[in-house]
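Report on the structure given below.
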Amino acid sequence: MGKAFLIRPCSWKILAIVGATFAPAIANAQCLISGASARLSNFCILEQMSQNLIDYRLALLIDTRLKSEGYSRGLGLPNSQAAPTTSTKAFVQPILSYSDNINGGNSPEPLVLGSLTFDGDEALYRKEGIIAGLGAGLNGRYILDEGQYINYGVTASYAHSPEFGLGITTTGVNVSSINHIQNWWYFDAHITTSRVRKDITDNTTSTISLVTSKVYSSGGDSYSEASFGISRYFADSYTQNQFTLGYDTIHSNGMFSSVDVMFGEALEGQLTTRFSSRARVSMQLVNKPLSLTARYSTADGGMMFGFERNENTYEISATYPIWGNLKATVGYRVTDSTIDYFDVDTPSFGVEFTSIQF
């Protein structure tokens, strides 16, 4: 007879050990759906298991997940090891994708502004094609207290175009302070910065954000996480205040949905994103996770020789494992600008390899 645990909803850490011969697996499958955050998955598992027996292997999984969130006793399993206060993992990951602007160049089309027409330098035309390379980095966590920890990461990658002999170098740093306040309310602070260097351009962007979120049961064996936050976005030529809203749900039918919106501050004479939205759905297709994503954004405020530049961008994509943990992403992106020179109409695709950790 195998071991099982009955988890009661009064606490993460108050459990009664009982015997059982079987355990339901549906909660494990539903709650660990691709796309859901760790906190939402944990809440889903604990809620579904609050009145059900679970087998010992699943109990060990939950125990490990709780300890990684700073709950040192986890489920209180006998002889289980505590999570280390500091954990850091290095990784490497191959890169294979398509870029519509490898060199950071300009459109080959003439720039038409009213009755004026400008022809660009051919040496500065954008180049598109397949790029391949390697990324590497470090991800880590420092546990401060129960439900409180700091995540940190450093990444660097280089992707090369054999056709043009050009490369793209990307570096990034991120630090997040995660804080469980009480009753599944969270307050998080994030700092991220990234730099992308191409043959012609060298761009650095950074974001500082404060986010409050609440995880709760939304009824009918569905579980949701609602969030709202404020951000300060730093680009090379401007800074912008932003306001964000998010709503994620693990549905009772095993699907995951996510909707995020951002409202950006208007800046006179500067093209900035005023509104963006993203909708994503994840589901099981032939026992593999299929993710569908749609994005929309609108930008305004730009000026060029007295002509207004406003843009709308539409994008769709799908991600699906094609072999083992190898994932393929295909999509399409369209940018419609009031100045035709900045219009974009391009496919996108890439292959995501499983990172090698050590």
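Heavy atoms only: backbone and side chains are in, while hydrogens, waters and symmetry mates are out. Source: prediction; values computed, not measured.
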Fellow cluster residues of L267, listed by chain then number, with links counted only when side-chain atoms sit under 4.5 Å apart: Y233, Y238
Those residues that, when tested against N101, pass side-chain contact (heavy atoms from CB on, under 4.5 Å) (two or more places apart): N103, R126, K198
Listed partners of S291 passing side-chain contact (heavy atoms from CB on, under 4.5 Å), at least two apart: R280, S282, T293, T319
Residue list, salt bridge (charged side-chain N to carboxylate O under 4.0 Å, His left out) with D100, at least two apart or on another chain: R333
Sole residue of N312, T313, D343 in side chain to side chain donor-acceptor pair (under 3.5 Å) with T335: T313
Working for side-chain hydrogen bond (donor to acceptor under 3.5 Å, both in side chains), residues S206 and T193: CA-CA 4 Å; S206 302; T193 184; 2.8 Å; yes
Distance-minimising heavy-atom pair for Y247 and S218: OH-CB, 4.4 Å
N/O donor-acceptor pair under 3.5 Å between S41 side chain and A38 backbone: no
Side-chain donor or acceptor of Q240 paired with backbone N/O of T273 under 3.5 Å: yes
Y332: partners by ring-ring contact (aromatic ring centres under 6.0 Å, His included), with sequence neighbours left out: none
N/O donor-acceptor pair under 3.5 Å between Y186 side chain and R39 backbone: no
Residues clustering with V92 (ILVMFWY side chains joined when closer than 4.5 Å, directly or via others): I356, F358
